[in-house]
2 protein chains.
Amino acid sequence: MSATSTEEVTNILREHIMCGQIHPGERLQQERLARALGVSRTPLRTALANLANEGLLQYEANRGYTVRAFDRKDIIDGYAARAVLEGLAASSVATAGIDFSTLEKMERWLDIGDTALAKGKLDPKDIDAYRRMNVCFHDEIIARADNRWISELVRQTQLIPFASNRMIVWQDFDIMYRTHDDHHRILEALKRRDPIRADYLMREHVNFAGEYLAQCIETGRIITAPDVSASTTELVQ
Amino acid sequence: MSATSTEEVTNILREHIMCGQIHPGERLQQERLARALGVSRTPLRTALANLANEGLLQYEANRGYTVRAFDRKDIIDGYAARAVLEGLAASSVATAGIDFSTLEKMERWLDIGDTALAKGKLDPKDIDAYRRMNVCFHDEIIARADNRWISELVRQTQLIPFASNRMIVWQDFDIMYRTHDDHHRILEALKRRDPIRADYLMREHVNFAGEYLAQCIETGRIITAPDVSASTTELVQ
DNA sequence: GCTCGTAAAATTGTATCCAAAAAGGGTGTC
DNA sequence: GACACCCTTTTTGGATACAATTTTACGAGC
């Protein structure tokens, strides 16, 4: 793929920030960063502007960009917003109904979690498969809701370093068990075309994840997915 | 205020697009636009990138920026997303409780609508005051919810040309009457600290506005606020 | 010793210039 | 006459140069 430098730089920087390789509060000096990335300041500045618009960076006129810091409240609040949006998505899908092939696909996804949990303990490679499955499950519902605002707004709430379901790994068997049971119930509600139940199940599901995550962060029990944090070069010395 | 050219250009262009002075689908040629605005292409390009991130423009690599077109579904969907977010805001405020001075302030705002509606017909200058009051009312609840995601995400859903409550003028007495009754009920729910009622009242209030607006657009009954569309110079010839 | 002011250095914002890609036009061929 | 190909023009992306603002450092004054 031959994208523009701006896009490349945007993606690289986003990943670095999401993985915490550039620390919150840190100032991003343009010339230094541009040199480190092997581009001029022009595409870098566009990339910085993009990331500031996404909420990952903070911008102050004539004072440059700094990495935004997220505290416990930000994470809880983000999940709260995401909860109502994904609840709306689930409720929309339940109302519209879900076609058979999609249903079958999602049931196969749930099987992944079932077999992993059937072992009675958490296998590392199962965990990663579960994480990817979880992302697919949520994304599928959001996509089926067919509301571009939901997709876009949920995407934004995921742009918190260490706080995305794309990165976080469930380490606690009981939590994963409970969470996966939610998945089953949500799909059941979609199947039965029960928008109210789909809504409150999804809301609770997401809110619970937020609470759990915030707790994990406070106790320092955070593990990120290996394939996300990998393949990144060092930018700051 | 001596902001940067980039910020000025961003604001000017946003206003032009929101007011429909630059038509959907229209391509924004950088050099021409830069000349029209009296700046070089550099700040203009940053401004375009910002607006694309906000969702007002569409960007394609090496092919430039075009004004995004919004159809009926986009508007309904945007209001649906905004509805659950503002519902969450209202519910949060109801849960946390609302202090006396804020309550008093909001009740004074509602008086504005009451006196306007007491006349039994819609006076043009009352309408504008009502529009501003309505914005304040919603913004206040969002601000009191103290969740930066809600503020930011709701702001984004407002970025649809001709579809923001900041621009739209209620022309129908009955609609305004019903809408303002919602305001009273919502404030009552906040006062009584009833988050569930606050939530569903606000959701219905916003969803209804979306439905009504979409209907108005289809029948061509759209009037924008005078102070928003004014004070803008022509950019395209 | 501290504060304030001023000047130098560093950093960001803007303008201009060059390169690359896309759009437009014309000619040739089938 | 229609389509394809190539060349020119236009437009966008990126690099560099310059201007404006902020930060920092130093010294005078209290």
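The chains referred to below are lettered A, B, ... by the order of the sequence lines, with proteins before strands, and numbering in each begins at 1.
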- Message: If only side-chain N and O atoms count, and only distance matters, is there a donor-acceptor pair under 3.5 Å linking A/Q156 with B/Q156?
- Response: yes
- Considering only NZ, NE, NH1 and NH2 on the basic side and carboxylate oxygens on the acidic side, decide whether B/D128 and B/K125 come within less than 4.0 Å. no
- Given the options B/D74, B/I75, B/I76, B/R72 meets side-chain contact (heavy atoms from CB on, under 4.5 Å) only with B/I76
- Which heavy atom of B/R14 sits nearest a heavy atom of B/L56, and at what distance? CG-CD1, 3.6 Å
- Query: Under the 3.5 angstrom rule, does the side chain of B/Y79 hit a backbone N or O of B/F208 as a donor-acceptor pair?
  - Reply: no
- Item | Segment of DNA chain C, first to last nucleotide, that comes within the 4.0 Å heavy-atom reach of chain B | C/dG13 to C/dA23
- Min side-chain heavy-atom separation B/F70-B/P24 under 4.5 Å: no
- Going 5' to 3' through nucleotides 6-13 of chain D, assign each nucleotide B (protein heavy atom under 4.0 Å from a base atom), S (under 4.0 Å only from sugar-phosphate atoms) or - (no protein heavy atom that close). -----SBB
- Contact list for residues 38-66 of chain B, test ring-ring contact (aromatic ring centres under 6.0 Å, His included), sequence neighbours left out: B/Y59-B/Y65
- According to a strict under-4.0 Å criterion, is A/T42 in side-chain N/O contact with OP1 or OP2 of D/dG14? no
- Contact summary for B/A94 and B/L190, nearest pair of heavy atoms: N-CD2, 3.8 Å
